[in-house]
Every structure is written in C-alpha cells, then in structure tokens.
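Right, one structure below, let's go through it.
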Amino acid sequence: MATRLSDIVRAIPARLRLQGTAAHALETARHRLVVGGMLFAVAFAVVGGRLVDVTMLTEAREPRAARVPNTGPLELARADIVDRNGVLLATSLVTQSLYANPKLIANPEATARRLAAVLPGLDEKAVRDRLASDQRSFVWIRRSLTPRQQYEVNRLGVPGLFFQREERRVYPHGVLASHAVGFADLDNRGLAGAEQAFDERLKTEREPVRLSLDIRAQHVVREEIKRAIEEFNAIGGMGVLLDVATGETLAMVSLPDFDSNAPGLADDDARFNRNTLGTYEMGSTFKMFTAAMGFDSGAVRMQDSWDASKPYTIGRFTISDFHGKNRWLTTPEVFIYSSNLGALRMAQRIGVERQRDFMDRVGFLRPSPIELPEVSHPLVPKPWREINALTISYGHGITVSPMQLVGAAAASVGGGILRPVTILAREESARAPGERVMSAAASAQLNQLMRLNVERGSGRSAEVAGYYVGGKTGTAEKIQRGGYKKNARISSFVASFPAHDPKYVLLVMVDEPQGRRETGGYATGGVVAAPTAGRIIARVAPLLGLPPMREAVPDLTQPLLAAAILR
C-alpha cells in the first residue's frame, strides 16, 4: 500500500506538488495575520477602555493633578515690605543653614578642610576650633546656604553635620531705598529703617507693610542727586519728596547709601540717614519761614521796605549780604535777592517770642514725627535771645533735620495746615486731619514769593515748563567744633509745584559741593541744588500723574509787578 501511495505521489507532476505547498503556506499565513490582528485589536481595546476609565469613569476614585488640595502660601516668619504701588521692597526666602554637633565629629581637622573646599570664604581654622570643642553639642558653620552649597555639603557624607530651615531677608532693590527700608539680621530682627520701626508688626501680621514710597520717584531722586554729587565733587547729598495733602514721603534719598542685602560691608557714613538723623543749619531756605511768620502775624506786608543798605552789627557780630544791593529792599526783593539784612529786619519787627512760637508750631522745636527709629533732636538756642532771633531769620543759629524742614515747608505752602510726615502709605480714611499753624492768606502770599523767586530770583534754574515751580535757595556754612568749617557748605533748594496750588514739596541738599570753572567757581544753592530739583520735577511729575499744564493758571507774580514793588 505504501508502495502504491509513493508511486502515486511520484506520478503527480512536480509543478502540481509545488502549487499545493504554496497554497497551504499562504493559508497558514492568512490565519496567523487574522489572529495577530485580533490580538492587536484586543490590546487597543483594553488600552482605550482604561483611558476612558481614567479620564471619565474613575475621576472620583483616582487622584489627579487638578484635584490636589491647595495647601496655601508658605508661612514665613516675617511679612513683606512693599511700596505704595505694591512693588516688593523686602521679602523672605526659605534657606538652609548648616550646623554641627562637635561630639559626633570624628575628625575635626579633616571635616573643616572638606567644608572649606565646598563653602567659599569659610574660615577653616575657626571651624576646626569650633568642631574640636567637646563641650558643646551645637555650633553654627554657615547660615543661609544656597541650594548648590547644601548639595555639596550633603555629598561629603560627614556624620554630625545637620541642616536647619531658616529664612533669609532679601531686598530686591538693593541700595535704592536702603535708609527707608533698613535691614534685618539673620535671626529676623529688624535693625534699621522700616524693618526696625515695624518689627513687631512684620512678625505678627501676614499682610505686607505698605510704605508711602514710590520706588519710581525714589529712583529719579537718587539718580539726579548722585549726578549733582559727581558733577560738583561733593561728599554727599539728600533729597525728600513729600505729598503736601497727606504728609506721605514719596521719596527719601541719602547718599552715600548701602546695600540692604549686605549692610555689614557699609561704613558708618553710608548707613547714616542724613534726612532724619542729620541736623544742619539750613541757611536761606529759612527765609521762607521768616516771610510766612511775618505775613501771619501782620508784622510784614508785601509793600514794606527794609533797610539793607549797610552791614548790621550786634555785639561782636557783623551781619552782611552776599552780593548785597546796598539799598532799601521791598519784601519781595528781600526774598528773591536772599537778603540776610532784610530778613533780620523782619525778625526785629516780628519779635523774639512770636518767632519762637511760630517755630514751635511748624515743628522745628521737636523731632520729626516720621516713624523711622533714626530720628534726631533739633538743636535750638536756650535761652532764645535777640541775637538768636536775628540769625535764625536767615537760617543760622538753629539746626534741624531735612525731614523737619520739608514738613514745615509743606505746611507753609499748603494752606497753613501742618500734617505729620509719614513713611507709611495712608488710606484716605486714615489720613491725619492736620493742624492749622498759619493763615491761608499768609500761605498764599508765601506762594507768590516762592514763584517769583523761580521766575526772577536765585531759583531760576529750577524752572520746568508747565509745572509753575516755586522755590527758595539756601547756602549755609557747615558747623564744626568752635565755629564754621572753612570752604565747606551745604547747598539746598526747597521747591513746590505747581506753585499756584502746591501738590508736592521737594527738598534737595548737596553736602560740600565744590565750585567749577563753568559756574564761575560758585557752588551755591542756585547753582547746585536748584537745577537738580528742576530735573527731578521734570522727570517725576508725570510719574505722579501730573501732566504739564497747558491752560492758563493764575499768575502769582503779576499783582506784585503791578504794585511796582520790584525794581
């Protein structure tokens, strides 16, 4: 049988046998493809079903990123400080600090060497000595590590080294508002400026402390005062911009300054706030107060004339004018020519008691009310005699701080209302009502003189088109033990703008400016401080929402000219 079958197979032609084999293989492949396709379909169906289950059916059972509960902001031990517009001035960052337990350090010398290799600036010897002590179980190695430094220390794998979570105070603007903002130490204690003044509030309240500063105005004032210092080779300078209606300090610059992030690198002079802690004889800027008190008391009228024809001698003192006119001067002329003789004649008519009472009312006999801890006491004469009254009339014989001066100036040009100077932003409901210290009429007359001085007097270089600046210059010799410092002066300018309805008062002071060939060797308030004030006003007024005025405004000086009281 087998022979027959084999014979039969052999009898089948070879071509037919190949076709049968090929057909069988093709059929087998077709079945495998079908099975494979079914398996892929099942797999895709499973994956698709799982996706549907994850995204739609099991939303309540499966955690998703969008469903992670909000844990809220990181709680920090000290609140932020911001400017009046919410710009960050001081904040805290979480850092890690490195400490050691010397009792767990097997090899202090090797550990100190390895730490010094990964922590730049670390005193290897001091660390070795601390680690070698077997009496202590806690010693600081380095505070406020960077993440990279923490990683490198971890890589050392040294037993006995530990990290502690802390906060580091950071000041994004560095030097820009250092005297106002101040600084805190590594243990979160405020040591200067607003950090110290509001230390408890920053620790207990979560809301930021909002200062009255406008960091944009602060930048402008600092830049222009720095320019004046460099231009006149001065040793320092200061500037304050105040809102007349609220008493809010919009800018407060004291140069030289320091970086609040590294106060330890600054010297005492840089950390000294000249605006609040410094006291100075203010020179001829005080003539604005002599005029104001004269108008307020009725002792001085615009049409009055004053003898400035020759120097005045009292006791061993002789008082004269700088570039005097050597004639009688009307009240406006006394102001625009900055006559010492005219001012003392006014003081004689006003009287000692009325002068002292006025100085007390406008705040010159007590420290500035600004909330910063660095506030000085004024130096006033005791007893207050006639010679004191005469010299105070033109800004000598009494020393006050720039903050006292700018606060009194705001009251004098702002309708006669004295408002406490503040470093805090005030909501309208929380603003101090103020206290009347002179009549509105006296304030209006002073504004006439201030505007006239910029139009025709020593303040001409402070003029800014469209802002109707008013102002008074001052140049005062600096006091030193036993007298005055030779060839050392403070040049200043008090500005108000717009003069017909003052919104802001600006004080610029430059410490020991040197005369230049271009200025004829002069370094007076009109040469140094007045143009600096003008540049500041031109830049800062638009930032404060005060565009140049194109419509006609009341001409404050026309009545004076019409009355023929100017020659």
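This is a predicted model, so every value here is computed, not measured. Start at 1 with the first residue, then count along the sequence.
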Taking C-beta and beyond as the side chain, do Leu265 and Asp259 meet within less than 4.5 Å on heavy atoms?
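No. Closest side-chain heavy atoms not under 4.5 Å.
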With a cut-off of 6.0 Å (strictly less than), are more than 12 heavy atoms of other residues, nucleotides or ligands near NZ of Lys226?
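For Lys226, atom NZ is not crowded (no more than 12 foreign heavy atoms under 6.0 Å).
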Would you please name every residue forming a salt bridge (charged side-chain N to carboxylate O under 4.0 Å, His left out) with Glu353, sequence neighbours left out?
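Glu353 satisfies salt bridge (charged side-chain N to carboxylate O under 4.0 Å, His left out) with no residue once adjacent residues are dropped.
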N-O pairing of [X] and [Y] below 4.0 Å:
{"X": "Arg451", "Y": "Glu463", "result": "yes"}
{"X": "Arg426", "Y": "Glu371", "result": "yes"}
{"X": "Lys478", "Y": "Asp511", "result": "yes"}
{"X": "Asp257", "Y": "Arg222", "result": "yes"}
{"X": "Arg189", "Y": "Asp199", "result": "no"}
{"X": "Arg366", "Y": "Asp360", "result": "yes"}
{"X": "Asp243", "Y": "Arg419", "result": "no"}
{"X": "Arg456", "Y": "Glu333", "result": "no"}
{"X": "Arg436", "Y": "Asp296", "result": "no"}
{"X": "Glu224", "Y": "Arg227", "result": "yes"}
{"X": "Glu435", "Y": "Arg361", "result": "no"}

I'd like to know whether the aromatic ring centres of [X] and [Y] sit less than 6.0 Å apart in this structure.
{"X": "Phe364", "Y": "Phe358", "value": "no"}
{"X": "Tyr171", "Y": "His173", "value": "no"}
{"X": "Phe258", "Y": "Phe272", "value": "no"}

Under a 3.5 Å distance rule, please check whether Ser401 uses its side chain to pair with a backbone N or O of Gln404 as donor and acceptor.
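Such a contact is found between Ser401 side chain and Gln404 backbone.
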